[in-house]
Structure formats: C-alpha cells, structure tokens
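Here is the structure we will look at.
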Amino acid sequence: MQGEDTTCTAEEDMELSQSIARKYGLHLEVVDLQEEYHKQVVGYMLDRAVRGLTPNSDVMCNRLIKFGAFEQVAGHAYDRIVTGHYARMLRGEHTFLGTAADPVKDQTDFLAQLLPAQLLKLEFPLGDLLKEEVRQIARDARLASARRKDSQGICFLGKINFAEFMRKQLGERPGDVVDVATGRVIGQHLGYWFHTIGQRKGLGLGGGPWFVVRKDIEHNIIYVAGGPDVTMQYGREIHLSDFSILTENPWPRTMQSVPVTFKVRHTDPFRAGTYYPPQSADEGGGRIVSENPVQGIAPGQFCVIYDATHRICVGSGEIASGNVQTIAP
C-alpha cells in the first residue's frame, strides 16, 4: 500500500521474494488483499479508537487478512500454509499452538486470535530456531534478505507512525490533559484517540514523568498521574470481555481457577498469574489476577494466556478493564 503519508515496504518485499523465487526456480504468485485490509482491519482500528480503546492491528490482521481473506482467495486450495512466524505447532494426541524456541522473537501472541480451522492448517518451520540461526542460514544460502532489518510499523501499512495514521483518519480534536490527583488542567492534547492507557512518551508535559491512566471520551479529557512509581499506572486484576481457546482446552472443565502465564503486550515477559473462568454471562471472558503488578493495562488490547510453563498458548481475550478504565459516555 502506498499513499501521500505512508511509506510501504511492498516494493522491497516483492524484489526480495522475486529474487528468492528465481534462485530456487519457484513460481511466485501475488495475492492482493489491500481492499480487504482497508475494509476489515482499518475499520476495526478506527472503531476501537473512536470508542476510546487501544486496537491491536497486527493481531486482527492475522485473523482477518493473512489467514482469513487469504484463505478465501487462495489458501483453501492447499492442505498446509507455511509462514515465517516464530511459533510451533505441537501435534500429537492433542494439538496446541506452542511457543518458539527463541523467547525474544516468539510471536504466538500475534496468532492468539486465530480461529481453530485457520491455525490447524499452519506450519512454522522457524519455531525451533533462534533468530540468529535463521539469519546464518540465510547468509550461508546467500539470500538477499539475510541482513534485512526486522519489520516495523502497522502491519500492512508499513513504516508509519500510529499517531500520523490516526490524524489522517480521524483528524484532531483538542482537549484538556488533567492531573487525576488534583483535578488541575496541566496541558492540552489533540484527541483522545492519540493516547493509550499506560502511555508515557509524547504527552508534552513538564515536571513528570506522567502516565495516562484514564480517558473520558465523552468530554475528550485525558487524565494523567505523575511520578516514577505512581500506583495508578499499575494493576493486578485484568477483566476480559471474551476469551477464545485456540485449539483444545488443556484444563479441566470444572476448574474454578488455574495457574497461568500471560502477556498484555508483545514486548512483555511471560507473567505468572491465576485465571478465573467466567461463572456467569455477566463475567464475559473471566479474569486474571497477576502475581505482580502490571503497568498500563489498556482496554481494547488482547491478553494472551499460556499454560503455567508458557509452553502452550491457550488463547486470548480482549481486555475489558484493569486497574484503570476508559470512561464511556
């Protein structure tokens, strides 16, 4: 995708793919899913942002486009789909999505919203390798991609800044930044959709550090708390609006609680906690109580749940609330 305000790696991707295809005598077929991406993923992002939530485009791009629209257009003709994600399929008496050998590059959290039918067709040949081992294989094979930097940006949109993307799509709406402790207006922002719970950088406030801890979307107010260890930016209880299991449930169906590990963002370590399944429809996807405080629990993001040893990725749910909440109209 290309546009006035975007830079896209599509041309570079194409050149590298063509080079590798020529080297090994492979047929390269391009499947164009730009229209589907704009309709489904961009639509999802804008819907969540306007509601004051924090969207995760990469997770939904995998579900809706890479393994959704692609399956409808081309993937249905194949028994297996092979990708370069750092993950593993654990197949035996039971089938699970397993974490990669490289814990730093593990990408199971990006796959945690896939539907079972999508996941069961996938193969991940890089899952047992460290990233440096993959690069060495590419160097030994003299592949042009061997020294390419890791991809950045918003999924298919390329190397663009999230704020720039939101400005282009939703414009600006100036509002107050309020110190939650004193109720005093200490700054201005350009629209609540530019900010996420737990955010520290880009606020333009002096005397900090300051962290976004609440958003009032009806009145377009961003609430912040100050101090390097401000308690309001941390929480231990995470409520999920839903919870989807990827393949099979590894836990007893009668359980009241189960020890787990989890992530609320890709760069997080695996955190230890306890998952409490919903006991009624009012409880949505249940809740997690973390052993240690978690910074910046942002409604709209996904909480990805693993078994206690983080060997198996069990599934994920959208965060409904945590220690800090979005104030809805």
Side-chain angles (χ1 to χ4, degrees), residues 56 58-68 70-72 75-76 78-103 105-129 238-266 268-281 283-291 301-320:
N56 191 317
D58 291 324
V59 170
M60 294 309 292
C61 179
N62 278 327
R63 175 171 174 166
L64 298 173
I65 306 301
K66 293 181 181 176
F67 307 113
F70 174 78
E71 174 69 17
Q72 296 173 4
H76 63 85
Y78 300 89
D79 295 327
R80 287 283 190 266
I81 304 296
V82 180
T83 84
H85 288 91
Y86 283 84
R88 290 184 275 203
M89 289 304 301
L90 305 177
R91 291 188 168 93
E93 182 180 354
H94 301 282
T95 302
F96 297 106
L97 175 63
T99 51
D102 191 329
K105 302 305 295 185
D106 178 77
Q107 293 177 301
T108 50
D109 54 312
F110 290 135
L111 303 168
Q113 274 284 303
L114 293 188
L115 301 175
Q118 295 173 326
L119 186 63
L120 293 174
K121 286 186 66 172
L122 299 183
E123 297 288 348
F124 305 113
L126 305 187
D128 291 317
L129 300 171
I238 303 170
H239 293 260
L240 306 179
S241 62
D242 54 39
F243 179 58
S244 300
I245 292 177
L246 280 167
T247 54
E248 302 179 50
N249 188 345
W251 306 317
R253 296 187 180 278
T254 57
M255 68 178 185
Q256 298 296 309
S257 66
V258 61
V260 298
T261 52
F262 67 96
K263 284 187 174 188
V264 297
R265 59 183 64 86
H266 176 63
D268 269 3
F270 293 101
R271 301 177 181 274
T274 302
Y275 174 61
Y276 295 86
Q279 301 302 310
S280 69
E283 295 183 19
R287 62 191 174 94
I288 285 181
V289 177
S290 177
E291 288 187 4
Q301 287 279 42
F302 292 104
C303 179
V304 183
I305 301 178
Y306 301 80
D307 69 340
T309 63
H310 51 80
R311 175 175 174 267
I312 294 172
C313 180
V314 180
S316 66
E318 187 171 317
I319 297 173

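Since the model is a prediction, treat every value here as computed from it, not as a measurement. Residues: numbered from 1 along the sequence shown.
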- Query: Given Asp307 and Val258, is the side-chain contact (heavy atoms from CB on, under 4.5 Å) satisfied, shown in steps?
  - Reply: CA-CA 9 Å; Asp307 69 340; Val258 61; over 6 Å; no

- Rounded to the nearest 0.5 Å, how far does CZ of Phe96 lie from SG of Cys313? 11.5 Å

- Check: Pro125 and Val82 side chains under 4.5 Å, non-hydrogen atoms: yes

- Message: For Thr95, is there any backbone N or O sitting under 3.5 Å from a side-chain donor or acceptor partner on Glu248?
- Response: yes

- Spatial distance of atom CZ (Arg80) from atom CG (Leu120) [nearest 0.5 Å]: 8.0 Å

- Task: State whether the side chain of Asp106 and the backbone N or O of Ala100 hold a donor-acceptor pair below 3.5 Å, judged by distance alone.
- Result: yes

- How about Val289 and Tyr276: do any of their side-chain heavy atoms sit closer than 4.5 Å? yes

- Task: State whether the side chain of Gln118 and the backbone N or O of Phe67 hold a donor-acceptor pair below 3.5 Å, judged by distance alone.
- Result: yes

- Nearest 0.5 Å please: distance from the CZ atom of Phe302 over to the CD atom of Gln113. 4.0 Å

- Task: Please examine the side chains of Thr274 and Val260, heavy atoms only from C-beta on, and report whether any two atoms are closer than 4.5 Å.
- Result: no

- Message: The test is side-chain contact (heavy atoms from CB on, under 4.5 Å); show your working for Tyr306 and Asp109 and say whether it passes.
- Response: CA-CA 10 Å; Tyr306 301 80; Asp109 54 312; 3.8 Å; yes

- Taken to the nearest 0.5 Å, the spacing of Asp102 CG from Gln107 CD works out to 10.0 Å

- Closest non-hydrogen atom pair, Leu246 against Ala112: CD2-O, 3.7 Å

- Pro250 side chain reached by Val314 side chain, heavy atoms, under 4.5 Å: yes

- Would you please test Thr247 and Leu97 for side-chain contact (heavy atoms from CB on, under 4.5 Å) and show each step? CA-CA 8 Å; Thr247 54; Leu97 175 63; 5.8 Å; no

- Audit row: Tyr86, Thr108, side-chain hydrogen bond (donor to acceptor under 3.5 Å, both in side chains) steps and yes/no: CA-CA 7 Å; Tyr86 283 84; Thr108 50; over 6 Å; no

- Message: With rounding to the nearest 0.5 angstrom, report the CG to OG1 distance, Leu126 to Thr83.
- Response: 7.5 Å

- Establish, for the pair Lys121 and Tyr78, whether the NZ or CZ atom is under 6.0 angstrom from the six-membered ring centre and no further than 45 degrees off its axis. no

- Would a distance-only check, ignoring hydrogens and angles, find a side-chain to backbone donor-acceptor pair under 3.5 Å from Ser241 to Glu318? yes

- Does any non-hydrogen side-chain atom of Leu90 lie less than 4.5 Å from one of Arg311? yes

- Message: Between Phe124 and Arg88, does the side-chain contact (heavy atoms from CB on, under 4.5 Å) criterion hold? Intermediate values first, please.
- Response: CA-CA 6 Å; Phe124 305 113; Arg88 290 184 275 203; 5.6 Å; no

- Task: Assert yes or no for the condition that the ring centre distance of Tyr275 to Phe262 is strictly below 6.0 Å.
- Result: no

- Message: If I take atom SG from residue Cys303 and atom NZ from residue Lys263, how far apart are they, to the nearest 0.5 angstrom?
- Response: 11.5 Å

- Counting only N and O atoms by type, is there a donor-acceptor contact under 3.5 Å from the side chain of Thr261 to the main-chain atoms of Ala272? no

- Message: Contact between Val304 and Val264 at the side-chain level, heavy atoms closer than 4.5 Å - yes or no?
- Response: no

- Centroid-to-centroid, Phe110 to His85, below 6.0 Å? no

- Count the heavy atoms of every other residue, nucleotide or ligand shown that sit under 6.0 Å from CZ of Arg91, and state whether that count exceeds 12. yes

